[in-house]
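Reviewing the structure listed below.
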Amino acid sequence: MEELDINYDKLVEKALKHVVIEALKIAADEGLPGEHHFYITFKTCHPNARISAQLLNQYPDEMTIVLQHQFANLMVGETYFEVDLSFGGIPQTLRIPYDAIIYFADPHAKFGLSFNSGDELMNKNIDSDDFVEDKKVKKASGSATVIDIEAFRKK
């Protein structure tokens, strides 16, 4: 009989991802209260991520988005979320699978989580044409800022 191990690290990571999902649901349903805002770093090369070819060329491995004042149409799904942002004045919809998220922070709450799940994608050979999607987007306004999240990580 084969012995099965309980992968507690994976169970904890799944539970912590649920915290991210619930925070996104609050933002989608009620808006971001007070000074709360989210930094979300994700693997752009995840096979189920949907970003424009231009953004993928600019950020072939990972990127960080900020959800604060200038985002629209935040939709929280079962396995991903979508949000409209503007990059260089060009409105775009991003679809980010929860499995692609490698860092989530709410600096106002002094809260942050790092995830390891994105590392598994680095070992896969993925054809970018399989998952890059360009869309025409409506209702996005303002601009988005992509920042280097390393400045916020504890050393």
Side-chain angles (χ1 to χ4, degrees), residues 5-52 54-88 90-124 126 128 131-133 137 140-155:
D5 287 333
I6 298 173
N7 187 338
Y8 287 103
D9 289 340
K10 195 168 190 171
L11 291 173
V12 168
E13 185 160 304
K14 183 178 179 181
L16 292 174
K17 276 285 166 90
H18 191 70
V19 171
V20 173
I21 294 166
E22 290 302 312
L24 288 167
K25 284 180 181 177
I26 290 168
D29 294 342
E30 303 168 19
L32 286 167
E35 296 298 315
H36 289 274
H37 55 288
F38 302 150
Y39 290 133
I40 302 170
T41 303
F42 67 98
K43 290 293 197 179
T44 57
C45 58
H46 188 284
N48 295 321
R50 299 286 183 258
I51 65 172
S52 70
Q54 178 259 334
L55 284 177
L56 185 63
N57 286 334
Q58 198 170 356
Y59 304 96
D61 182 41
E62 64 184 50
M63 73 182 291
T64 298
I65 60 171
V66 179
L67 301 185
Q68 188 170 15
H69 302 297
Q70 299 174 337
F71 67 93
N73 301 324
L74 177 59
M75 192 281 302
V76 180
E78 191 172 314
T79 59
Y80 63 88
F81 73 96
E82 285 188 358
V83 64
D84 292 350
L85 296 170
S86 183
F87 297 89
I90 301 169
Q92 299 187 41
T93 298
L94 280 68
R95 177 182 287 184
I96 302 170
Y98 304 124
D99 287 344
I101 297 172
I102 57 175
Y103 188 73
F104 173 88
D106 180 345
H108 176 72
K110 296 183 173 111
F111 179 80
L113 297 169
S114 291
F115 300 101
N116 296 320
S117 60
D119 295 339
E120 298 165 7
L121 295 169
M122 299 308 289
N123 298 325
K124 293 182 180 179
I126 301 168
S128 63
F131 59 91
V132 175
E133 180 178 295
V137 179
S141 63
S143 63
T145 304
V146 178
I147 61 162
D148 182 1
I149 199 67
E150 291 301 318
F152 297 95
R153 291 189 179 170
K154 291 183 179 177
K155 295 182 182 188

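- A pairwise comparison of heavy atoms in P60 and C45 identifies O-CB, 3.9 Å as the closest pair.
- Distance check: L55 CG to I90 CD1 gives 8.5 Å after rounding to the nearest 0.5 Å.
- By the 4.5 Å heavy-atom criterion applied to side chains, D61 and K43 are counted as neighbours.
- No side-chain heavy atom of V19 sits under 4.5 Å from any side-chain heavy atom of F104.
- Taking all atoms of both residues into account, the shortest heavy-atom contact from G77 to Y98 is O-OH, 2.8 Å.
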* **Criterion side chain to side chain contact (heavy atoms under 4.5 Å, CB included) on L67 and L24, from CA distance to verdict** => CA-CA 10 Å; L67 301 185; L24 288 167; 4.0 Å; yes
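- Note that the OH atom of Y103 and the CZ atom of F115 stand 10.5 Å from one another [nearest 0.5 Å].
- Annotation: the span from T44 atom OG1 to Y59 atom OH amounts to 10.5 Å, rounded to 0.5 Å.
- Under the side chain to side chain contact (heavy atoms under 4.5 Å, CB included) test applied with H46, the options I51, I96, D99 reduce to a single match, D99.
- With a 4.5 Å cut-off on side-chain heavy atoms, N48 and T79 do not count as touching.
- Y80 OH to R95 CZ: the interatomic distance, rounded to the nearest 0.5 Å, is 3.5 Å.
- Here OG of S52 is found 8.5 Å from CG of N57. Values are rounded to the nearest 0.5 Å.
- In this structure, the side-chain contact (heavy atoms from CB on, under 4.5 Å) partners of N7, at least two apart in sequence or on a different chain, are D9, K10.
- A heavy-atom distance below 4.5 Å is found between the side chains of I65 and L85.
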* Are F42 and E62 close enough, and set up right, to give a side chain to side chain contact (heavy atoms under 4.5 Å, CB included), and what steps lead you there? -> CA-CA 5 Å; F42 67 98; E62 64 184 50; over 6 Å; no
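- Residue R50 holds its CZ atom at 10.0 Å from CD of E82, rounded to the nearest 0.5 Å.
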Listed pairs under 3.5 Å, donor-acceptor, residues 28-38 side chains, sequence neighbours left out:
residue	atom	partner	partner atom	Å
H36	ND1	D106	OD2	2.5
H37	ND1	E35	O	2.9

* Asked: Step by step, would you call F81 with I40 a side chain to side chain contact (heavy atoms under 4.5 Å, CB included)?
  -> CA-CA 11 Å; F81 73 96; I40 302 170; 3.8 Å; yes
